[in-house]
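All values reported here derive from a predicted model rather than from experimental measurement.
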Amino acid sequence: MNQTIQIEQAVKDFIKAGDTNDIQLLDRVLHKDYQNVQDGFFDKPGLYQFSKEEYKRLVGEKTFGGVPRTITVHSIEEYGSHLAVVNVTLESEALLFNSVIVVVRERSDWQILNNFPKIVGKG
């Protein structure tokens, strides 16, 4: 499987894990140093940063995720054989996410290192 396909699959696995609240898949696809950084947390303004464990907890508690989203990959920019930046749009019935996702490969599998979502309500 070529590198671009592997990077895209890692992103799709990440999205699927959130949409289905699959903590085991999330644990595999998130890098040990994963960080989710976002401006705002639902109705609370400010900058929010979540580590891998915090993010898994939020998904497990269904604070995040549990709603299917369509995914559109706009671009995958590879920086050598170990780093890529992916721009995606995710859409559910109620929310639109524009995300910049940093994907890395330290060994054989690509993993999500960072997610920078911009989240807006629809309607």
Lys/Arg-Asp/Glu bridge criterion (N-O < 4.0 Å) met for Glu53, Arg57: no
Side-chain donor-acceptor contacts of residues 112-123 below 3.5 Å, not counting sequence neighbours, with atom names and distances?
from   : atom 1 : to    : atom 2 : distance (Å)
Asn115 : ND2    : Asn36 : OD1    : 3.0
Lys122 : NZ     : Glu91 : OE2    : 2.6
Lys122 : NZ     : Ser92 : O      : 3.0

Contacts of type ring-ring contact (aromatic ring centres under 6.0 Å, His included), residue Phe50, not counting sequence neighbours: Phe41, Phe64
Nearest heavy atoms of Gln111 and Leu30, plus distance in Å: NE2-O, 3.5 Å
Whether Glu61 side chain and Thr63 backbone form a donor-acceptor pair below 3.5 Å: no
Check: Asp13 and Leu25 side chains under 4.5 Å, non-hydrogen atoms: yes
side-chain hydrogen bond (donor to acceptor under 3.5 Å, both in side chains) partners of Asp109, counting only residues at least two apart: none
Test side-chain contact (heavy atoms from CB on, under 4.5 Å) applied to Glu78 and Val103, Val85, Leu83, Thr4, the passing residue: Thr4
Common cluster, Leu96/Val73, ILVMFWY with side-chain heavy-atom separation under 4.5 Å: no
Heavy-atom side-chain proximity of Trp110 to Gln3 below 4.5 angstrom: yes
Contacts of Glu106 that satisfy salt bridge (charged side-chain N to carboxylate O under 4.0 Å, His left out) - sequence neighbours left out: none
Side chain proximity check, Ile23 to Val59, heavy atoms < 4.5 angstrom: yes
same_hphob_cluster(Val29, Ile71) at 4.5 Å side-chain heavy-atom cutoff: yes
All pairs passing salt bridge (Lys or Arg N to Asp or Glu O under 4.0 Å) where residues 17-40 contributes a residue, at least two apart: Asp19-Arg69, Asp27-Lys52, Asp27-Lys56
Path from Val102 to Tyr79 over hydrophobic side-chain contacts below 4.5 Å: yes
Expected output: side-chain Glu54 to main-chain Ser51 donor-acceptor under 3.5 Å: yes
Heavy-atom side-chain proximity of Thr89 to Phe97 below 4.5 angstrom: no
Path from Leu58 to Ile101 over hydrophobic side-chain contacts below 4.5 Å: yes
Side-chain heavy atoms of His82 within contact of Val104, under 4.5 Å: no
All side-chain contact (heavy atoms from CB on, under 4.5 Å) counterparts of Gln49, not counting sequence neighbours: Gln35, Val37, Leu47
4.5 Å side-chain heavy-atom contact, Val88 and Val11: yes
From OG (Ser99) to CG (Asn87), nearest 0.5 Å: 9.0 Å
